[in-house]
Structures are given as C-alpha cells and as structure tokens.
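The structure appears right after this line, and notes come after that.
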Amino acid sequence: MRRVFLAVACGLAGLVLLAVRLRVTYLVIRVSGDSMAPALTHGDRLLARRTDLAALRKGQIAVVSSPHQIGSEFLVKRVAALPGDPVPERVRRIVADDVVPAGRFVLIGDNTEVSFDSREHGFFHADDLRAVTVRKLEPQQGR
C-alpha cells in the first residue's frame with residue numbers, strides 16, 4: 001500500500017512539474033493593433049514559446065517587452081535582422097551602425113504604415129525578447 005501511495009505521489013509531482021514547465025515555456029498573447037496586418041490583426045491570439053536571442057531567426061514573429069512610451073505590455077513584430085547582419089536601409093536613419101551589434105536585433109511590423117518598430121525605436125536588446133510565436137490560435141467562443 002505504501003509503495004502504491006509513493007508511486008501515485010511521484011506521478012502527481014511529475015505532472016505538476018510538467019504543467020509548471022509548460023506554463024513557463026509558453027505564453028498566449030493577444031495582438032493589439034494592426035501593425036502586423038495582414039498576417040495578424042487586432043484581437044488575434046498567438047501561442048508563443050519563450051526563447052533567447054541565440055534561437056531567433058530572421059522572418060520569425062517575435063514578442064518583446066514594450067518600450068515605456070507604448071501603451072501595451074508587449075510588441076509583436078517580425079525579425080528583420082540579427083547580430084552581425086547588415087542594418088536594413090529603412091532603420092539606418094535612426095541608428096549609426098552598418099551592422100547589427102551583438103546582443104541586439106531589428107524588428108519591423110508588416111504594416112509599416114502604422115507600426116512602431118526599429119524604424120522609430122532603433123535596436124531591440126536581447127533582454128527585451130520574451131518569445132517567438134508558434135502559431136495563431138482559434139478565436140475563443142463567446143467572447
């Protein structure tokens with residue numbers, strides 16, 4: 001009886017640790033605004049996986065902490081350049097570098113008409129990076 005109890009307790013502890021790890025690893029983000037249209041629009045929900053700069057790739061959609069002057073908690077933008085890459089021409093007017101420095105990266109929204117991104121903010125720092133999107137989630141029913 002004691003062994004059964006111990007096995008069940010260990011199994012439950014393992015499930016709890018797995019649930020905590022998944023919660024820490026994945027986020028659900030709601031898109032605010034139309035800066036990523038047409039790929040993403042206001043209200044879209046995204047599943048995002050926490051990551052670091054070393055795992056980031058050009059073309060991915062990243063989630064970063066929002067600069068203080070913006071109202072939302074996160075920004076959702078496409079990765080345009082990584083450390084060592086040439087700085088995109090449309091970002092050069094705000095940064096002096098020709099190459100993206102170590103620990104920095106460039107983000108640009110798909111809808112450049114309304115996007116606040118590296119064209120105004122400059123480089124984003126590795127510490128700003130929160131996650132990379134995995135996929136768009138189905139809309140929630142009844143909301």
Side-chain angles (χ1 to χ4, degrees), residues 4-143:
V4 171
F5 176 76
L6 186 58
V8 169
C10 286
L12 287 174
L15 286 175
V16 167
L17 287 174
L18 178 62
V20 167
R21 178 162 165 66
L22 288 176
R23 182 160 177 90
V24 170
T25 303
Y26 289 91
L27 306 165
V28 175
I29 303 291
R30 186 174 301 276
V31 174
S32 177
D34 290 318
S35 68
M36 287 298 294
L40 304 172
T41 57
H42 182 76
D44 282 348
R45 292 178 337 121
L46 307 172
L47 180 64
R49 177 182 33 84
R50 292 190 189 274
T51 193
D52 59 18
L53 185 57
L56 206 56
R57 301 289 174 256
K58 284 197 305 190
Q60 288 181 312
I61 298 174
V63 178
V64 295
S65 295
S66 181
H68 298 294
Q69 66 265 36
I70 303 297
S72 62
E73 182 179 358
F74 298 110
L75 293 179
V76 177
K77 307 290 178 193
R78 194 167 305 277
V79 178
L82 295 164
D85 288 344
V87 174
E89 190 65 40
R90 52 191 166 180
V91 178
R92 282 201 182 149
R93 66 179 178 78
I94 192 166
V95 298
D97 301 298
D98 291 330
V99 175
V100 179
R104 306 294 174 125
F105 57 103
V106 174
L107 296 176
I108 298 180
D110 288 358
N111 183 356
T112 56
E113 298 285 320
V114 298
S115 182
F116 175 86
D117 51 37
S118 289
R119 293 168 305 132
E120 292 82 22
H121 178 68
F123 298 121
F124 285 85
H125 193 276
D127 292 343
D128 298 328
L129 181 60
R130 294 294 165 251
V132 63
T133 61
V134 174
R135 67 182 185 95
K136 192 182 330 184
L137 298 173
E138 294 296 319
Q140 288 180 315
Q141 298 299 319
R143 289 196 176 187

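Looking at Phe123 and Pro101, their side chains come closer than 4.5 Å, going by heavy atoms from C-beta outward. No side-chain heavy atom of Val63 sits under 4.5 Å from any side-chain heavy atom of Val132. Asp44 is not listed as a side-chain neighbour of Ile29, based on a closest heavy-atom distance of 4.5 Å or more. Counting only heavy atoms from C-beta outward, the side chains of Leu46 and Val28 never approach each other to under 4.5 Å. In this structure, the side chains of Lys77 and Ser35 come closer than 4.5 Å at one or more pairs of heavy atoms. Side-chain atoms of Leu40 and Val76, non-hydrogen and from C-beta on, do get closer than 4.5 Å to each other. The shortest side-chain heavy-atom distance between Pro139 and Arg45 does not fall under the 4.5 Å cut-off. Side-chain atoms of Arg50 and Tyr26, non-hydrogen and from C-beta on, never get closer than 4.5 Å to each other.
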For Val100 and Val106, run side-chain contact (heavy atoms from CB on, under 4.5 Å): C-alpha distance rounded to whole Å, both residues' side-chain angles, the deciding distance at 0.1 Å, then the answer. CA-CA 8 Å; Val100 179; Val106 174; 3.9 Å; yes
Can Leu82 and Lys58 be said to form a side-chain contact (heavy atoms from CB on, under 4.5 Å), step by step? CA-CA 7 Å; Leu82 295 164; Lys58 284 197 305 190; 4.1 Å; yes
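The two residues Arg57 and Gln60 come nearest to each other via the heavy atoms N-OE1, 2.7 Å. Minimum interatomic distance between Ala131 and Ala48 (heavy atoms only, all atoms of both residues): CB-CB, 3.7 Å.
Salt-bridge formation is detected for the pair Arg78/Asp110: a Lys NZ or Arg NE/NH1/NH2 atom is positioned less than 4.0 Å from an Asp or Glu carboxylate oxygen.
A distance of 3.0 Å separates OG of Ser65 from CZ of Arg130, quoted to the nearest 0.5 Å. To the nearest 0.5 angstrom, Ser118 atom OG is 9.5 Å from Leu75 atom CG. Between the CG atom in Asp85 and the CG atom in Asp98 there is a gap of 13.0 Å [rounded to 0.5 Å]. Once rounded to the nearest 0.5 Å, the distance linking CD1 of Ile61 with CG of Leu107 reads 11.0 Å. How far OG of Ser66 is from CZ of Phe116: 7.5 Å, rounded to the nearest 0.5 Å. Once rounded to the nearest 0.5 Å, the distance linking CG of Leu129 with CZ of Arg104 reads 13.0 Å.
The salt bridge (charged side-chain N to carboxylate O under 4.0 Å, His left out) contacts involving residues 113-126 comprise Asp117-Arg119, where partners must be two or more places apart or lie in separate chains.
No side-chain donor from either of Thr25 and Arg49 sits under 3.5 Å from a side-chain acceptor of the other.
Using modelled atom types, no side-chain atom of Thr51 and backbone atom of Ala55 make a donor-acceptor pair closer than 3.5 Å. Using modelled atom types, one side-chain atom of Asn111 and one backbone atom of Asp34 make a donor-acceptor pair closer than 3.5 Å.
The number of heavy atoms from other shown groups lying within 6.0 Å of CZ (Arg92) is above 12.
With sequence neighbours excluded, no residue forms a ring pair (Phe, Tyr, Trp, His ring centres under 6.0 Å) with Phe105.
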